[in-house]
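One structure is given here, and the rest of the page talks about it.
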Number of protein chains: 2
Amino acid sequence: MTRSGGTLGGMPGRKTAETAGNRPATISDVARLAGVSVGTVSKALNGRGSLRAETRHRVLSAAEQLGFQPNKAAVALNSGRTYTVGMITTDTIGRFSIPLMMGAEDALGAGEMSVFLCDARDDPIREQYYLRTLLSRRVDGIIVTGRRTQARPPIGTGLPIPVVYAFISSTDKGDCSVVPDEAGGAAKAIDHLLAVGRRRIAHITGPEHHHSATVRAAAAADRLAEAGLGLAGPPLFGEWSENWGRQAAKIVLSGDNEIDAIFCGSDQIARGVADAVRASGRRIPEDVALVGFDNWDVMALGSQPPLTSVDMDLEKLGRTAAELLLAAIGGRPSPGRHTNPCRLVIRGSTAS
Amino acid sequence: MTRSGGTLGGMPGRKTAETAGNRPATISDVARLAGVSVGTVSKALNGRGSLRAETRHRVLSAAEQLGFQPNKAAVALNSGRTYTVGMITTDTIGRFSIPLMMGAEDALGAGEMSVFLCDARDDPIREQYYLRTLLSRRVDGIIVTGRRTQARPPIGTGLPIPVVYAFISSTDKGDCSVVPDEAGGAAKAIDHLLAVGRRRIAHITGPEHHHSATVRAAAAADRLAEAGLGLAGPPLFGEWSENWGRQAAKIVLSGDNEIDAIFCGSDQIARGVADAVRASGRRIPEDVALVGFDNWDVMALGSQPPLTSVDMDLEKLGRTAAELLLAAIGGRPSPGRHTNPCRLVIRGSTAS
DNA sequence: TTGAAAGCGCTAACAG
DNA sequence: CTGTTAGCGCTTTCAA
């Protein structure tokens with residue numbers, strides 16, 4: 001017992017050497033135990049300066065013995081760096097945010113960065129509240145994500161730290177955004193359907209006011225036009241639901257022109273379409289080939305047959321965003337819009 | 001220009017008064033501008049001590065003008081409190097962790113707490129790495145979540161800060177855990193099926209080695225026994241997939257005893273079951289009533305008809321965990337296992 | 001009512 | 001090679 005225990009409450013329990021359940025060891029505890037000064041401890045622990053091997057070793061084992069963990073708040077205070085970033089999901093954490101966050105968290109964790117999670121729930125007030133909090137905590141940078149790809153106003157202007165937008169993008173062209181190449185993904189879907197011999201391709205998708213729906217629909221039509229063809233009928237805009245997929249499929253199938261493929265704006269829609277197609281007595285993919293979008297495993301694999309789908313590679317996108325943020329924090333910003341390619345994952349709904 | 005700008009790089013852009021894009025304002029900047037001492041600023045900003053109204057006002061407007069945000073690292077350093085908690089998802093962030101995290105984040109945000117996100121991905125090494133990081137950052141407490149309800153070894157012993165387990169629980173009875181009452185949920189499902197007149201009830205669920213599967217199966221059997229009945233055949237253990245649901249349903253339907261209801265261990269399984277039941281020419285719920293578990297919107301609502309399902313109220317569970325953690329941080333710990341009731345959500349698969 | 005000064009835990013100069 | 005000292009930004013006595 002070299003230290004007086006203080007009066008912080010005496011919970012017994014298992015302890016790591018001197019570090020009882022109460023106060024975490026500080027650098028001067030280590031110094032005292034090793035019989036050196038705090039400066040020496042700092043050098044030993046950070047490998048700075050030049051010390052006798054014996055001293056260094058003595059310090060290290062003292063630190064070990066006390067279970068010493070440097071207080072990051074103190075480090076932050078005089079380095080000006082917190083090794084912390086904020087991640088704001090502007091709309092609720094959901095199916096799209098998760099892989100993004102996981103990718104980002106992964107890349108940042110490797111860079112010794114900790115991540116503050118902020119769920120703004122589509123509320124601009126909450127968003128600004130979180131922004132202030134993060135600035136107050138002096139995070140080194142911020143990642144902004146959302147569930148829609150549509151550009152949004154910047155979360156702040158003239159901020160003292162870099163910001164990277166992931167999946168969503170900023171309306172300010174100078175801001176750094178990482179977005180999926182949805183148009184390219186739609187083109188890949190069409191190319192694939194053409195490659196497996198389909199010519200009468202319909203498109204069923206989400207609401208017309210939804211950015212992704214219009215982008216994907218336009219890209220599909222363009223790609224077909226480049227091939228000297230056109231969509232079999234105008235795109236059917238509706239909801240992002242299985243139910244709409246079922247309804248829309250009925251409409252498409254009852255049309256006079258016999259279609260041989262349907263490209264859907266989402267896997268949920270595609271799944272509804274699949275059910276309706278099968279109910280109509282047609283076979284997938286023999287009579288009607290089907291391509292979805294999102295490659296949402298539970299939908300794509302639960303479907304019968306499993307769905308060919310466009311994967312936006314959200315985890316990679318999150319990782320990229322994190323890397324760009326780290327670079328920007330390091331003084332190497334990459335302003336502007338960065339596009340990530342989509343992958344086409346081929347499964348039973350198009351493979352004959 | 002009362003301050004020399006420093007040499008931190010002269011990005012122009014919009015600024016908040018003096019606070020150019022570079023160094024955030026400190027308390028002494030405010031003091032200088034207001035013509036008072038830093039101590040006075042501190043008091044004015046925190047409403048401590050007694051100041052002349054005029055002085056207080058002058059300080060406040062100076063702070064406002066500079067866009068001053070107190071540096072939390074400095075506050076943490078001499079208060080010993082960081083107003084920060086860590087949230088460790090032991091297995092990958094997924095369908096179960098999200099509502100938990102959202103609930104917790106919500107409750108904590110209201111308490112002015114920021115949340116560190118740590119995804120340990122089922123890797124004990126990563127888990128310990130994150131634990132050390134969090135301790136080094138001097139978080140005030142930790143929430144541990146996971147995708148399984150089974151008890152797990154404590155994440156650490158003799159930790160200097162409180163830990164609350166959410167959804168999963170700790171094998172140490174003294175640790176604070178918040179778990180859903182899965183058995184109670186299963187009982188509610190059975191009660192409901194009995195109430196709508198079903199007597200020959202089968203059970204299809206996930207792997208036998210999965211804690212939730214066995215708990216729910218046992219509770220269902222118990223409840224039926226209490227009603228003087230039994231399950232129509234032994235529980236069918238398999239996978240948590242639609243595919244297994246389809247297979248198992250075929251087995252159940254081909255049996256000699258005509259069943260009139262199936263209680264499923266998950267909505268995914270229930271959905272597969274629904275497809276197979278309909279394919280067999282039977283009607284839901286007229287011939288066979290169906291209850292799922294999890295109330296996973298996309299599965300329960302995508303099913304035809306929509307599924308009656310047991311909801312574990314994960315968001316509430318996360319919120320409760322956060323509240324218990326806040327209490328523990330405040331010196332009012334609630335050791336032991338806390339159980340949260342499940343709700344039964346009735347939909348078309350049982351409502352005739 | 002206000003100011004001066006000490007100190008939270010750590011790092012980085014500068015002496016010795 | 002090691003110790004001393006001055007801060008980082010803020011709060012909190014204690015004097016004035």
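A, B, ... follow the sequence lines: proteins, then strands. Residue 1 opens every chain. Just the heavy atoms: all of them, side chains too, but no hydrogens, waters or symmetry mates, feed the values below.
Note on B:V36: only backbone sugar-phosphate atoms sit closer than 4.0 angstrom, heavy atoms only; bases stay farther off. Using a 4.0 Å heavy-atom criterion, one finds that A:T26 contacts the sugar-phosphate atoms exclusively. Within 4.0 Å of A:S79, counting heavy atoms only, lies no atom of the nucleic acid at all.
In this entry the distance linking CG of B:N46 with P of D:dT12 reads 7 Å, nearest Å. In this structure, B:K72 atom NZ and C:dG9 atom C1' are separated by 20 Å, rounded to whole Å. D:dG9 atom P lies 23 Å from atom CZ of B:R81, rounded to whole Å. Note: CZ (A:F68) to P (C:dG9) measures 10 Å, nearest angstrom. As rounded to whole Å, 6 Å separates atom P of C:dC10 from atom CG of A:N71. A:L45 has its CG atom 13 Å from the P atom of C:dA12, to the nearest Å. The distance from atom CG of A:N78 to atom P of D:dG9 is 10 Å, rounded to the nearest whole Å. Distance, A:D29 CG to C:dC10 P: 9 Å, rounded to whole Å.
Salt bridge A:R58/A:E54: present, at least one basic N to carboxylate O contact under 4.0 Å.
Scanning all heavy atoms of the two residues, the minimum distance from B:D172 to B:P154 falls at CB-CG, 4.1 Å.
In this structure, B:R58 and A:G39 both approach DNA chain C, and ranking their closest nucleotides by distance from the 5' end singles out B:R58. Along DNA chain D, the nucleotide closest to B:K43 and the one closest to B:L77 are compared, and the more 5′ of them pairs with B:L77.
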Exercise for the section: Could you walk me through whether A:Q69 and B:R138 pass the side-chain contact (heavy atoms from CB on, under 4.5 Å) test, one step at a time? Expected result: CA-CA 9 Å; A:Q69 294 284 112; B:R138 301 292 189 269; 4.0 Å; yes
Practice task
Go through the steps for A:D175 and A:R152 under the test salt bridge (charged side-chain N to carboxylate O under 4.0 Å, His left out), then give the verdict.
Solution key: CA-CA 11 Å; A:D175 288 339; A:R152 48 151 290 157; over 6 Å; no
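Taking a 6.0 Å sphere around CZ of A:R121, one finds it holds more than 12 heavy atoms contributed by other residues, nucleotides or ligands.
Relative to the side chain of B:T55, the nucleotides C:dA5, C:dC10, C:dT1 differ in distance, and C:dT1 lies closest. For B:T40, the listed nucleotide lying nearest its side chain is C:dT2; candidates were D:dT11, D:dC1, C:dT2.
Remark: B:S37 is not in phosphate contact with C:dT2, judged by side-chain N or O atoms under 4.0 Å from OP1 or OP2. At the phosphate of D:dT2, OP1 or OP2 sits under 4.0 Å from a side-chain N or O atom of A:R52. Between A:R48 and C:dT11 there is no side-chain N or O to OP1 or OP2 distance below 4.0 Å. A close approach under 4.0 Å does not occur between any side-chain nitrogen or oxygen of B:S28 and OP1 or OP2 of D:dG9.
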